[in-house]
Amino acid sequence: MSESYNHAAIEKKWRKIWEEKPVNPKDAGKEKYYCLDMFPYPSGNGLHVGHWRGYVISDVWSRYQLMQGKYVIHPMGWDAFGLPAENYAITHGIHPAVSTADNVKNIKKQIQDIASIYDWDMEVNTTDPAFYKWTQWIFVQMFKKGLAYEKEMPINWCPSCKTGLANEEVVNGKCERCGADVTKKNLRQWMLKITAYADRLLDDLDKLEWPEKVKKMQTEWIGRSYGAEVEFPIDGREDKITVYTTRPDTLFGATFMVLAPEHALAAELATEETKAAVEKYISDAANKSNVDRMQDKEKTGVFTGSYAINPMNGKKIPIWLSDYVLADYGTGAIMCVPAHDDRDFEFAKKFDIPIVQVIAKDGKEIEDMQEAYTEASGTMINSGEWNGMESAVLKKEAPHIVEEKGFGRAKKNFKLRDWVFSRQRYWGEPIPIVHCPACGAVPVPEEELPLTLPEVESYQPTGTGESPLAAIDSWVNCKCPKCGGAAKRETNTMPQWAGSSWYFLRYVDNKNNDALVDKEKAHKFLPVDMYIGGVEHAVLHLLYSRFYTKFLYDIGAVDFEEPFTRLFNQGMITGKNGIKMSKSKGNVVSPDDLVADYGCDSLRLYELFVGPPELDSEWDDRGIDGCLRFLSRFWNLFTEQYEKDAPETKELIYERNKLIYDITTRLQSFSLNTVISGFMEHNNTLIALAKKGGVDRKTLSAFVQLLAPFTPHLAEELWEKMGNSETVFSSGWPAYDEALLVTDEVEVAVQINGKVKAVVRLAKDVDQAAAVAAGKEALGDKLSGNIVKEIYVPGKIINIVVKP
RNA sequence: GCCCGUGUGGCGGAAUUGGCAGACGCGCGGGACUUAAAAUCCCGUGAUGGCGACAUCGUACCGGUUCGACCCCGGUCACGGGCACCA
């Protein structure tokens with residue numbers, strides 16, 4: 001009896017060997033494959049089994065590419081700026097750099113337990129000045145191109161974190177980080193003009209092999225629409241109000257206008273009688289937090305007392321203010337067509353404003369309208385010169401008509417807003433800008449980068465909205481790089497997204513001090529072929545990274561426009577009953593003990609076996625027993641049968657081909673859970689064949705190779721036992737012969753009226769008549785009544801349709 | 001409210017996309033080995049009825065198409081995710 005499967009000894013042995021002789025040597029001669037994980041934030045809580053899953057998936061995929069003869073770029077790094085470290089510093093007085101370094105050390109050890117083929121020479125850390133030098137450099141380039149600009153704006157303000165938040169950090173009106181209700185505050189902010197890239201970000205989605213779901217989410221986020229800008233003269237005044245509309249075809253139905261309370265003309269349009277009410281409405285809206293404003297489903301509004309002129313028909317229409325009009329979308333003012341827009345309809349009903357239908361529904365005017373008719377299909381009515389036209393056609397032509405008439409133009413709009421890029425925090429990249437009274441905002445000269453983050457006495461937010469950096473006079477006061485006069489440094493820092501928007505470029509040239517990445521290397525190793533991570537980054541991180549990459553392409557820093565060719569989103573691992581794993585819920589499962597008890601290989605298998613990789617899965621520790629049992633059984637099978645060296649039989653050849661086919665096709669379609677069940681099933685079959693007559697070496701060898709990406713230690717050990725001196729990862733991927741997958745005989749189910757009553761074995765090319773005859777024979781006296789139809793689907797089913 | 005997923009045994013999940021529902025694993029029951037236990041191995045395991053070979057029902061619910069539906073179509077419900085007045 002040979003020795004049984006000892007995972008601890010085997011894993012220890014191979015870790016050491018791989019350390020000395022990596023299985024993925026840097027080999028410029030091979031075709032490259034860049035398989036990237038979304039890099040983690042080094043949290044103090046360490047990794048749980050959910051984090052593991054993504055890394056196992058990416059490692060299996062990487063090793064599969066490796067076995068296909070590619071040089072695999074598979075790096076790992078740390079997204080280490082961010083609020084938790086800063087909050088920890090506030091409560092414990094420990095510098096974020098110190099606690100972060102500790103966390104990195106712990107998590108790195110945990111990640112190394114996975115036995116991934118990460119190339120640690122490529123490691124990056126966003127908080128390393130040598131790294132953020134380039135994060136700052138990119139910002140300076142954007143500034144020079146006019147894509148980074150300052151703007152005083154009402155930003156979301158978290159009174160608890162005492163910091164400004166981007167729209168995307170506000171979840172249901174609450175701070176994404178701490179859950180406090182978000183209010184508003186006017187602050188000077190640095191903005192990035194991502195909207196300048198809106199069209200390209202949208203159009204280039206077509207080029208990507210990404211999940212449709214993610215593409216759709218990005219499409220909606222960017223939110224492009226086509227319509228027209230139309231100018232409405234104000235009765236009794238010289239100036240005009242410009243609106244944006246996607247439905248210029250309904251212009252004759254515009255019976256009122258609404259301005260956002262923040263609109264520049266809002267207060268001015270008030271008359272003596274309405275002044276008090278208008279001013280109150282404006283100030284209420286300004287003080288209302290986003291939460292309140294969103295929760296008020298019921299429309300509110302106030303009449304300004306002024307009128308505009310509908311430029312199509314010359315009619316006087318009232319101008320109202322209401323907060324359902326957004327100040328920062330379109331022009332902050334809308335024309336209202338209550339007959340054909342739900343919101344306008346609701347508003348008109350509530351404030352008793354006339355409703356004029358301009359598109360016929362089913363060819364006629366609706367009597368006693370109860371809801372808006374929002375379809376753009378029907379004939380125009382009540383629309384003067386447009387009467388009789390089809391609204392769908394007019395919708396496209398109207399922008400050009402108003403342009404000819406001189407009061408409008410075709411226009412497209414986006415929901416996407418510019419990106420609020422500054423944070424009033426300490427633990428982030430300092431924004432490399434100097435404010436000079438004479439020269440304005442001046443970038444720190446590139447040769448002075450990185451502008452390092454200074455030591456600070458207190459990490460406490462200032463509470464005034466300024467960063468803690470503002471309290472360091474010696475740092476703030478400086479000379480203007482342009483004129484040499486006294487100037488002050490920018491004290492805002494960058495958001496956590498800054499580093500993560502481009503880190504994937506740096507791995508392939510992480511020590512370069514002269515460029516963010518050498519152009520040759522970028523051309524050779526980039527872009528990323530496969531990007532693996534959680535779906536929670538479907539919009540922001542992926543959109544920002546695409547924006548950065550396009551910008552870097554435009555300035556000639558890289559020669560590709562899209563960073564991630566293919567994307568895979570893995571599902572979350574949850575605790576019992578689908579509850580998200582978290583420290584506070586006490587349901588976190590650490591991989592550390594499982595690795596010690598079951599071995600890395602078994603845990604890797606179970607991470608995949610637990611469920612389809614793209615869906616959420618509930619973790620149940622007990623399931624891992626099955627994976628360890630499978631490996632032990634295969635180990636025993638191998639050690640017994642390899643010595644025996646049974647002769648190859650027809651049955652074994654078929655089984656080997658089927659095994660390679662099953663594993664390969666399932667792996668290629670990313671059905672990793674069924675890859676594992678496939679291994680188990682084939683192992684059971686081989687055990688049965690071993691009892692019958694033995695299993696040949698060629699089949700065992702293929703099994704070991706197929707297993708290698710999943711259980712690298714065990715595979716290497718068995719591969720070595722077979723007398724191989726080179727690693728299994730340089731042995732290639734086994735091939736199957738399609739022709740050998742076809743058997744001479746097939747099992748076919750025999751049905752009566754679609755219900756299975758018997759099973760027959762048939763020669764694979766038997767004809768319909770013979771098949772049906774065999775089926776009837778198998779049915780025997782179960783068959784009764786009048787046969788009305790006989791169906792034979794070759795190799796699948798015989799169905800006899802009878803009537804009693 | 002709108003958009004996108006998902007719904008299958010006690011549990012996690014399979015089903016080559018319209019062709020034998022429940023693969024594989026967990027758990028559970030029985031047996032072998034053992035002084036005993038663990039480990040291991042063998043058998044069983046959707047529900048109901050029957051000693052039984054077998055019969056009927058069964059993929060969230062209601063209906064439809066089809067020789068045949070977890071799969072396609074129409075409607076309903078539940079859960080999860082995204083967006084949330086974008087003119």
Side-chain angles (χ1 to χ4, degrees), chain A residues 4 172-173 211-214 216-217 219-221 223-225 227 243-247 250 254 257-258 260 293-294 296-297 299 322-326 328-337 340-344 346-347 413-417 535-536 538-539 571-572 574 576 578 605-606 609-612 614-627 629-630 632-633 636 661-662 665-666 669 671 673-684 687 747-759 782 788-802:
Chain A
S4 59
N172 294 327
E212 284 309 313
K213 175 185 169 147
V214 174
K216 200 160 184 176
M217 280 165 70
T219 303
E220 281 169 14
W221 192 268
R224 182 165 60 195
S225 66
V243 302
Y244 171 71
T245 177
T246 55
R247 297 294 304 276
T250 62
M257 297 185 84
V258 176
R293 195 158 158 173
M294 274 197 305
D296 289 340
K297 285 289 177 192
K299 298 262 179 299
S322 176
D323 63 6
Y324 81 91
V325 174
L326 306 173
D328 48 2
Y329 179 77
T331 62
I334 60 170
M335 68 174 209
C336 299
V337 185
H340 303 286
D341 180 276
D342 292 326
R343 297 150 302 179
D344 298 346
E346 189 191 332
F347 196 86
N413 248 321
F414 297 93
K415 286 189 198 174
L416 185 70
R417 311 289 164 82
V535 73
E536 65 273 21
V539 177
M572 213 173 34
T574 65
K576 206 70 208 146
L605 280 190
Y606 186 56
F609 188 56
V610 69
E614 69 280 8
L615 299 181
D616 291 353
S617 297
E618 282 181 29
W619 187 264
D620 182 353
D621 266 353
R622 287 178 299 192
I624 195 175
D625 286 310
C627 292
R629 271 176 212 147
F630 155 65
S632 304
R633 278 186 207 136
N636 292 340
Y661 171 82
D662 281 350
T665 52
R666 291 173 191 189
S669 61
S671 179
N673 54 326
T674 64
V675 167
I676 309 306
S677 59
F679 274 128
M680 290 170 169
E681 191 178 358
H682 282 286
N683 188 44
N684 291 343
I687 288 171
E747 269 197 0
V748 176
V750 187
Q751 301 179 328
I752 298 173
N753 292 343
K755 302 213 168 192
V756 178
K757 298 290 174 184
V759 175
K782 283 181 191 161
V788 292
K789 204 168 181 181
E790 293 164 341
I791 292 152
Y792 175 54
V793 182
K796 300 211 161 149
I797 212 121
I798 298 164
N799 192 12
I800 315 280
V801 184
V802 298

Please identify each residue that fulfils ring pair (Phe, Tyr, Trp, His ring centres under 6.0 Å) with A/F609, with sequence neighbours left out.
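If we apply the ring pair (Phe, Tyr, Trp, His ring centres under 6.0 Å) test to A/F609, skipping adjacent residues, there are no hits.
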
Who are the ring pair (Phe, Tyr, Trp, His ring centres under 6.0 Å) partners of A/Y329, not counting sequence neighbours?
none

A/V759, nearest nucleotide to its side chain (from B/C20, B/A87, B/G27):
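Selected nucleotide (nearest to the side chain): B/C20.
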
For [N] and [X] - does any side-chain N or O of the residue sit under 4.0 Å from the phosphate oxygens OP1/OP2?
X: A/R247; N: B/A87; answer: no
X: A/R629; N: B/C26; answer: yes
X: A/N684; N: B/G25; answer: yes
X: A/K789; N: B/U66; answer: no
X: A/K757; N: B/U56; answer: yes

A correct 5'-to-3' footprint of nucleotides 2-15 of chain B, with B, S and - meaning base, sugar-phosphate only and no protein heavy atom under 4.0 Å, is -SS-------BSS-

When you measure from the centre of the six-membered ring of A/F347, is the NZ or CZ of A/K299 closer than 6.0 Å and no more than 45° off the axis?
no

Can you tell me which stems RNA chain B forms when a stem means 3 or more consecutive Watson-Crick or G-U pairs under 3.5 Å?
B:1-7 with B:77-83, B:10-12 with B:24-26, B:27-32 with B:40-45, B:46-49 with B:54-57, B:60-64 with B:72-76

Under 3.5 Å, N/O pairs linking protein and nucleotides 42-45 of chain B:
none

Just the table, please: protein N/O against nucleotides 31-33 of chain B N/O, every pair under 3.5 Å.
none

Closest approach of A/V748 to A/Y792 (non-hydrogen atoms, all atoms of both residues):
CG1-CE1, 4.3 Å

